[in-house]
Enquirer: 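Just dropping this structure here.
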Amino acid sequence: MASLTAYLSGLAGDAFGALDLPRDLGLVSRSDRPDLGQFQCNGAMAAARIAKTNPRKIADQIVAALSENGCFSDVSIAGPGFINLSVTDEFLGRFLTSLAADDRLGVEAAPQKVLFDYGGPNIAKPMHVGHLRSTIIGDSLTRLFRFVGAETLSDVHMGDWGKPMGMLISALEAEQPDLPYFDASRSGSYPEESPVTLEDLERLYPVAAAACKADPVRDEAARLATVDLQSGRPGYRALWGHFLAVSRRAMEREFGALGVAFDLWKGESDVHDLIPGMIASLKKAGLARKDQGALIIDVAEPDDSHEIPPLILEKSDGGATYATTDLATILDRVETGAPDAIFYVVDQRQHMHFEQVFRAAKKGGLSGRAALEHIGFGTMNGADGKPFKTRAGGVMKLHDLIAMVREKASERLSQAGLATDFSQEERALIANQVGIGALKFADLNTHRLSDYIFDLDRFMRFEGKTGPYLQYAAVRIKSILRKAVEEDADIPDAALSITSDVERALGLALSAFPEAMEAALERRAPNLICDHVYALAQAYSRFYAEHHILSEKDEALRGSRLGLCRAALTQLVAALGLLGIDVPKRM
RNA sequence: GGCCCCGUAGCUCAAUUGGAUAGAGCGCCAGGCUUCGAACCUGGAGGUUGGGGGUUCAAGUCCCUCCGGGGUCGCCA
């Protein structure tokens, strides 16, 4: 079904069309001036320019045409030619009734196949807050696309193959040279038990990085180990396999806590074998050339406003770069999945990198019919406005951050005297849902390209525009619906009616869901879902404060109001679900 | 130095991509619970959208120019 503004835009478009003007001038949107009307159409001003006439004259004709339609309670002109529109309560009630009955909550289906690349954890490096935004935003966008019927594939895209792997191997060799993995003459299998724990890896990586930076000999050893690993030395491959398995358990722990799942657990290593063939074909196509010892692809265009450096396909030492791997990954994705689009939810600072890669991919014909898009985001900063750090000044591990958030949520529940008589298990579950919900909502509520300040106390507030407030609003509705069922009330499927100002406001808020979805999808902006869900919760709270529902004597009215409650709950749960936020049964 | 992004209420953030009187939350002030969950609701104060100029019926949004912050600028990822 069409959204309410899309429907009204169609009516206004017809009116413009009848005057031989472009139909899209009839675009109707939610009013900026609710005192003058529920909706507005600004097309008359633009039409006046086209028709070289007075905007009010055109507006008069549009108004005359629209007034004949019974769905409007008011159609009027204001200012230079703004057309203000309001619909009748009967019309709104009918619209809401069909919205409530729609499986997709009134949102139009947009079938397509899209692949999302987000998360991007690295082997041996603990996930940190830098991974948080990519994960939360990527997961939410995946859910949004899935909601409109897209076939989505999410790929975690691990950093599991570059020089860091060689650094780890050579650092471990320096510490424990007697391990069988380092014996080049060994034949046969290697132990199944990992020689390192997660803690070992997390300790080893900074040690290795520091050693390579300080000592050219160690750096060269790491480089050679990387080359050996990539060319298939069995001991190194076996060791690397252990690194991968150990790290992956930690990654799954973190993503699991966040409630984020991936369809694909691929990494850079998965495309290693595609690189030589890809480079050969790029050479053959005459796109790659040698420059300063490296193999490059020029991606600059004559009409560029800024300079774009060439993409380095092969370093002067013959090694592949991040860009090469990303190109091969596109090839892999296009060949194995044939998506309509590939979305990269990655820090905005890498925008230039993606521009290079996308241009090279198109030039080389690697991306097929897939659209390539970088969906960037800003950084999460500390209270001082600088990149987020622990009190000690180090990088905050995601694992610790999540523990902190749970702890804080549990504390707040106690302070508010909530969930006191629930079991330990249920309390822990609720604390987790509330804590993670607070974190996700705070992140998604900020437009993705903006930087924002991480302030746990603020996120975890139980009042205002926060995750917990929204969960609370939904839980209150669950509670009243439970009571209604206990009282054997009949909650009708149909016939939602508008009989008061707060009902009308709630109805208008409910009707805006498809529009919020559409805008959020188009702009890849989950913050628009946050805006909608918050406006809805507020409208519901006003409605709830004004009308006492269960004591209503008029059965039809009581039924309609319970129907509004249920519609609000359905939408709150669905919208929060799009943000990756769970609603507890009770709290 | 070149290029990109940003600067909005005391604080944290929005603004349907050029529309009317720039909106929310927190904080502040004043109100509202013997009935469905008050983690709620109602009302109020708070702004030269960093400064200046320009484009037009209309500018936070587009153009120019200063000021301030961040990012980035071929062999890191």
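Naming: A, B, ... by sequence-line order, numbering from 1 per chain.
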Enquirer: Between residues 531-541 of chain A and RNA chain B, which residues have a heavy-atom gap below 4.0 Å?
Expert: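 When residues 531-541 of chain A is checked for heavy atoms under 4.0 Å from RNA chain B, the hits, listed by number, are A:D531, A:Y534, A:Q538, A:S541.
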Enquirer: For B:rG46, which nucleotide is its Watson-Crick or G-U wobble mate, given both distances must be under 3.5 Å?
Expert: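 For B:rG46, the partner nucleotide comes out as none, under the 3.5 Å rule.
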Enquirer: Filter on salt bridge (charged side-chain N to carboxylate O under 4.0 Å, His left out), then keep only pairs touching residues 524-540 of chain A, sequence neighbours left out; what's left?
Expert: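 Found A:E373-A:R524, A:K465-A:D531.
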Enquirer: Sort out the partner of B:rU12 for me: Watson-Crick or G-U wobble, both distances under 3.5 Å, none otherwise.
Expert: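 Base-paired to B:rA24.
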Enquirer: Going by atom types alone, do A:D160 and A:S269 pair a side-chain donor with an acceptor below 3.5 Å?
Expert: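 Yes - a donor-acceptor pair under 3.5 Å links their side chains.
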Enquirer: Where along nucleotides 1-13 of chain B does protein come under 4.0 Å, by heavy atom, of base (B) or sugar-phosphate alone (S), with - for untouched nucleotides?
Expert: --S--------SS
Enquirer: Quickly work out the A:I549 CD1 to B:rG37 C1' distance and round it to whole Å.
Expert: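 To the nearest whole Å, that distance equals 12 Å.
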Enquirer: Do A:Q538 and A:Y469 have side-chain N/O donor and acceptor atoms under 3.5 Å apart?
Expert: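 Short answer, no.
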Enquirer: Using atom NZ of A:K483 as one end and atom P of B:rU35 as the other, report the distance to the nearest whole Å.
Expert: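 After rounding, the reported distance stands at 13 Å.
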Enquirer: Check side chain to side chain donor-acceptor pair (under 3.5 Å) between A:R461 and all other residues, then give those that pass, not counting sequence neighbours.
Expert: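 Per chain and number, A:R461 pairs via side chain to side chain donor-acceptor pair (under 3.5 Å) with no residue.
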Enquirer: Write down the distance between CG (A:N42) and C1' (B:rG19), rounded to a whole number of angstrom.
Expert: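 Roughly 5 Å, once rounded to whole Å.
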Enquirer: To the nearest Å, how far apart are A:L311 CG and B:rC73 P?
Expert: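 That distance rounds to 14 Å.
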Enquirer: With sequence neighbours excluded, what pairs up with A:R406 under the side chain to side chain contact (heavy atoms under 4.5 Å, CB included) test?
Expert: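 A:R406 satisfies side chain to side chain contact (heavy atoms under 4.5 Å, CB included) with A:A257, A:I402, A:N432 once adjacent residues are dropped.
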Enquirer: With sequence neighbours left out, what residues match A:A51 under side chain to side chain contact (heavy atoms under 4.5 Å, CB included)?
Expert: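 A:A51: side chain to side chain contact (heavy atoms under 4.5 Å, CB included) contacts with A:L21, A:T53, A:I58.
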Enquirer: With a 4.0 Å cut-off on heavy atoms, is A:S316 in touch with a base, just the backbone sugar-phosphate, or nothing at all?
Expert: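 The residue A:S316 makes base contact.
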Enquirer: For A:Y469, report the nucleic acid contact type (base, sugar-phosphate, nothing); a contact means any heavy atom under 4.0 Å.
Expert: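 Sugar-phosphate only.
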Enquirer: With heavy atoms under 4.0 Å as the rule, sort A:P310 into base, sugar-phosphate or nothing.
Expert: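 Here A:P310 touches the bases of the nucleic acid.
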Enquirer: Could you check whether A:A519 gets within reach of a base, just the sugar-phosphate, or nothing at all, counting any heavy atom under 4.0 Å?
Expert: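 Result for A:A519 = nothing.
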Enquirer: So, A:T329 and A:H157: side-chain donor and acceptor under 3.5 Å apart, yes or no?
Expert: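 No, A:H157 and A:T329 have no side-chain donor paired with an acceptor closer than 3.5 Å.
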Enquirer: Distance check, P atoms only: B:rG52 and B:rA14, in whole angstrom units.
Expert: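 Here B:rG52 and B:rA14 have their P atoms 24 Å from each other.
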Enquirer: Could you give the CD-to-P distance, from A:Q356 to B:rA77, as a whole number of Å?
Expert: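 So the two atoms are 13 Å apart, to the nearest Å.
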Enquirer: Check the distance between B:rA77's P and A:I123's CD1 and give it to me in whole angstrom.
Expert: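 Taking atom P of B:rA77 as the reference, CD1 of A:I123 is at 15 Å.
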Enquirer: For A:F377 together with A:Y118, are the ring centres under 6.0 Å from each other?
Expert: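 No; A:F377 has its ring centre 6.0 Å or more from that of A:Y118.
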Enquirer: Side chain of A:R523, heavy atoms from C-beta onward: which of B:rA15, B:rA38, B:rC41 has the nearest atom to it?
Expert: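 Among the listed nucleotides, the one closest to the side chain of A:R523 is B:rA15.
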Enquirer: Rounding to an integer number of angstrom, what distance separates B:rC26 and B:rC64 when you compare their P atoms?
Expert: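 Per the computed distance, 40 Å lies between those P atoms.
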Enquirer: Under the side chain to side chain donor-acceptor pair (under 3.5 Å) test, which residues partner A:D60, sequence neighbours left out?
Expert: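 Applying side chain to side chain donor-acceptor pair (under 3.5 Å) to A:D60 gives none.
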Enquirer: Taking NZ, NE, NH1 and NH2 as the nitrogens, is one of them in A:K163 or A:D219 under 4.0 Å from a carboxylate oxygen of the other?
Expert: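 Answer for the salt bridge query: yes.
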Enquirer: By the 4.0 Å heavy-atom rule, please label A:L413 as base, sugar-phosphate, or nothing.
Expert: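 Base contact - A:L413 has a heavy atom under 4.0 Å of at least one base atom.
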Enquirer: When you get a sec, tell me which of B:rC75, B:rC36, B:rG37 is the closest nucleotide to the side chain of A:H548?
Expert: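 Closest nucleotide among those given: B:rC36.
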Enquirer: What pairs with A:S247 under side chain to side chain donor-acceptor pair (under 3.5 Å), at least two apart in sequence or on another chain?
Expert: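 Once residues adjacent in sequence are excluded, A:S247 has no partner under the side chain to side chain donor-acceptor pair (under 3.5 Å) criterion.
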Enquirer: Return yes if a side-chain donor-acceptor contact under 3.5 Å exists between A:T420 and A:R427, otherwise no.
Expert: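 Note: A:T420 and A:R427 side chains miss the donor-acceptor criterion.
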Enquirer: Given the P atoms of B:rC6 and B:rG50, what is the spacing between them in whole Å?
Expert: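 It comes out at 12 Å once rounded to the nearest Å.
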Enquirer: Taking O4'-C1'-N9-C4 for purines and O4'-C1'-N1-C2 for pyrimidines, is B:rU17 syn (within 90° of 0) or anti?
Expert: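 Nucleotide B:rU17 adopts syn.
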Enquirer: So what does A:Q471 hit on the nucleic acid, given a heavy-atom distance under 4.0 Å: a base, only sugar-phosphate, or nothing?
Expert: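 Contact class for A:Q471: none.
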Enquirer: Which nucleotide, B:rA24, B:rG37, B:rA77, lies nearest any side-chain atom of A:K465?
Expert: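 Among the listed nucleotides, the one closest to the side chain of A:K465 is B:rA24.
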Enquirer: If you measure from the C1' atom in B:rG7 to the same atom in B:rG47, how many Å do you get, rounded?
Expert: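 It works out to 15 Å between them.
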Enquirer: Please list, chain by chain and in numerical order, all residues satisfying side chain to side chain contact (heavy atoms under 4.5 Å, CB included) with A:Q348, sequence neighbours excluded.
Expert: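 If we apply the side chain to side chain contact (heavy atoms under 4.5 Å, CB included) test to A:Q348, skipping adjacent residues, the hits are A:H351, A:H374, A:L449.
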Enquirer: Between B:rC41, B:rA15, B:rA20, which nucleotide has the shortest distance from any of its atoms to the side chain of A:N527?
Expert: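 The listed nucleotide nearest to A:N527's side chain is B:rA15.
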Enquirer: Out of B:rA77, B:rA20, B:rC40, which nucleotide sits closest to the side chain of A:Q40?
Expert: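 So the nucleotide nearest the side chain must be B:rA20.
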Enquirer: Quote, to the nearest angstrom, the C1' distance that separates B:rU8 from B:rG69.
Expert: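 Nearest-Å result for B:rU8 against B:rG69 at atom C1': 15 Å.
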Enquirer: From the options B:rC41, B:rA20, B:rC75, select the nucleotide whose nearest atom is closest to the side chain of A:F82.
Expert: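 Out of B:rC41, B:rA20, B:rC75, the nucleotide with an atom closest to A:F82's side chain is B:rA20.
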Enquirer: For B:rA58 versus B:rG19, give the span between their P atoms, rounded off to a whole number of Å.
Expert: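 Those two atoms are separated by 14 Å.
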Enquirer: Take the protein atom OH of A:Y322 and the nucleotide atom P of B:rA77, then report the distance between them rounded to whole Å.
Expert: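 Computing the A:Y322:OH to B:rA77:P distance gives 9 Å.
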Enquirer: Which nucleotide, in any strand shown, forms a Watson-Crick or G-U wobble pair with B:rU72, with both distances under 3.5 Å?
Expert: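 B:rG2 is the nucleotide pairing with B:rU72.
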Enquirer: Mind checking what makes side chain to side chain donor-acceptor pair (under 3.5 Å) contact with A:D582, not counting sequence neighbours?
Expert: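 Not a single residue meets the side chain to side chain donor-acceptor pair (under 3.5 Å) criterion with A:D582.
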Enquirer: Under 4.0 Å, counting only non-hydrogen atoms across every strand here, what does A:D457 touch: a base, just sugar-phosphate, or nothing?
Expert: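 Nothing, no nucleic acid heavy atom in range.
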Enquirer: B:rG37 C1' sits how many Å from A:I480 CD1, rounded?
Expert: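 Rounded to the whole Å, the gap is 10 Å.
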Enquirer: Have A:D443 and A:Y452 got a donor and an acceptor in their side chains that come within less than 3.5 Å?
Expert: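 Yes.
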Enquirer: Would you mind classifying the nucleic acid contact of A:A48 as base, sugar-phosphate or nothing, using non-hydrogen atoms under 4.0 angstrom?
Expert: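 Nothing, no heavy atom under 4.0 Å.
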Enquirer: Please report, to 0.1 Å, the donor-acceptor pairs under 3.5 Å made by any side chain of residues 38-47 of chain A, with sequence neighbours excluded.
Expert:
{"from": "A:Q38", "atom 1": "OE1", "to": "A:V87", "atom 2": "N", "distance (Å)": "2.9"}
{"from": "A:Q40", "atom 1": "NE2", "to": "A:R30", "atom 2": "O", "distance (Å)": "3.4"}
{"from": "A:Q40", "atom 1": "NE2", "to": "A:D32", "atom 2": "OD2", "distance (Å)": "3.2"}

Enquirer: I want to verify a distance call: between B:rA77, B:rC36, B:rG37, whose nearest atom is closest to the A:R476 side chain?
Expert: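 Among B:rA77, B:rC36, B:rG37, the one nearest the side chain of A:R476 is B:rG37.
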Enquirer: Polar-atom pairs under 3.5 Å, protein N or O versus N or O of nucleotides 56-59 of chain B: list them with distances, or write none.
Expert:
{"from": "B:rC57", "atom 1": "N4", "to": "A:R49", "atom 2": "NH2", "distance (Å)": "3.4"}

Enquirer: Using a 4.0 Å heavy-atom cut-off across all strands, classify A:L36 as base, sugar-phosphate, or nothing.
Expert: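 Answer is base: heavy atoms of A:L36 come under 4.0 Å of a base.
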Enquirer: Looking across every strand, which nucleic acid part, if any, lies under 4.0 Å from A:H547 by heavy atom: base, sugar-phosphate, or nothing?
Expert: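 Since a base atom lies under 4.0 Å of A:H547, the category is base.
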Enquirer: Provide the Watson-Crick or G-U wobble partner of B:rU56, both distances under 3.5 Å; none if there is no partner.
Expert: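 Partner of B:rU56: none.
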Enquirer: When the P atoms of B:rG46 and B:rC67 are considered, how many whole Å apart are they?
Expert: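 Looking at atom P only, B:rG46 and B:rC67 are 34 Å apart.
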Enquirer: Taking atom P in both B:rU55 and B:rG68, what distance in whole Å separates the two?
Expert: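 About 28 Å, rounded to a whole number of Å.
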